[in-house]
Amino acid sequence: MSSKESERNSSAQQTLDILYDISQLLNTQLDKATLATCVGMVENGVNPEALAAVIQELRREGAISTAQSTANAPHPR
C-alpha cells in the first residue's frame with residue numbers, strides 16, 4: 001500500500017470515528033459497521049432523509065415483531 005493510500009485510509013478511519021462519536025452523542029443506536037454502511041450509501045447518492053426514514057421504519061417493525069414474539073412465547077409455569 002502506498003503512503004498516499006495509507007494516509008487516505010487513516011483519514012477515512014478518523015472521519016468514521018468522529019461520526020461514530022457524534023452518533024453516540026445523538027443516541028442513534030447505530031454501531032460502527034452500520035454507520036459506515038450508511039455513510040457509504042449517502043456517498044453513493046442515497047438521500048439521507050430517505051435513509052433515516054427507512055431505518056426508523058425498520059426499527060418500528062423490529063419492535064413490533066419482538067413484541068409479538070414475546071406475546072406468543074410460552075409462559076413458564
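We count residues from 1, following the sequence as given.
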Side chain of T66, backbone of G62: donor and acceptor closer than 3.5 Å? yes
Without swapping roles, check the side chain of T34 against the backbone of L30 for a donor-acceptor pair under 3.5 Å. no
Checking Q13 against D17 for the side chain to side chain donor-acceptor pair (under 3.5 Å) test, could you report, in this order, the C-alpha distance in whole Å, the side-chain angles of both residues, the deciding distance, and whether it holds? CA-CA 6 Å; Q13 186 60 50; D17 289 344; 3.0 Å; yes
Please say yes or no: joined through hydrophobic side-chain contacts below 4.5 Å, possibly via intermediate residues, are L26 and I18 part of one cluster? yes
Is a side-chain donor or acceptor of S65 paired with a backbone partner of E61 at a separation under 3.5 angstrom? no
Output the distance between atom CD1 (I55) and atom CZ (R60), rounded to the nearest 0.5 Å. 12.0 Å
Could you pull out all residues at least two apart from D31 that satisfy salt bridge (charged side-chain N to carboxylate O under 4.0 Å, His left out)? none
Determine whether a donor-acceptor pair (N or O, by modelled atom type, separation under 3.5 Å) exists between the side chain of S23 and the backbone of L19. no
Rounded at 0.5 Å granularity, tell me how far CZ in R8 sits from OG in S3. 10.5 Å
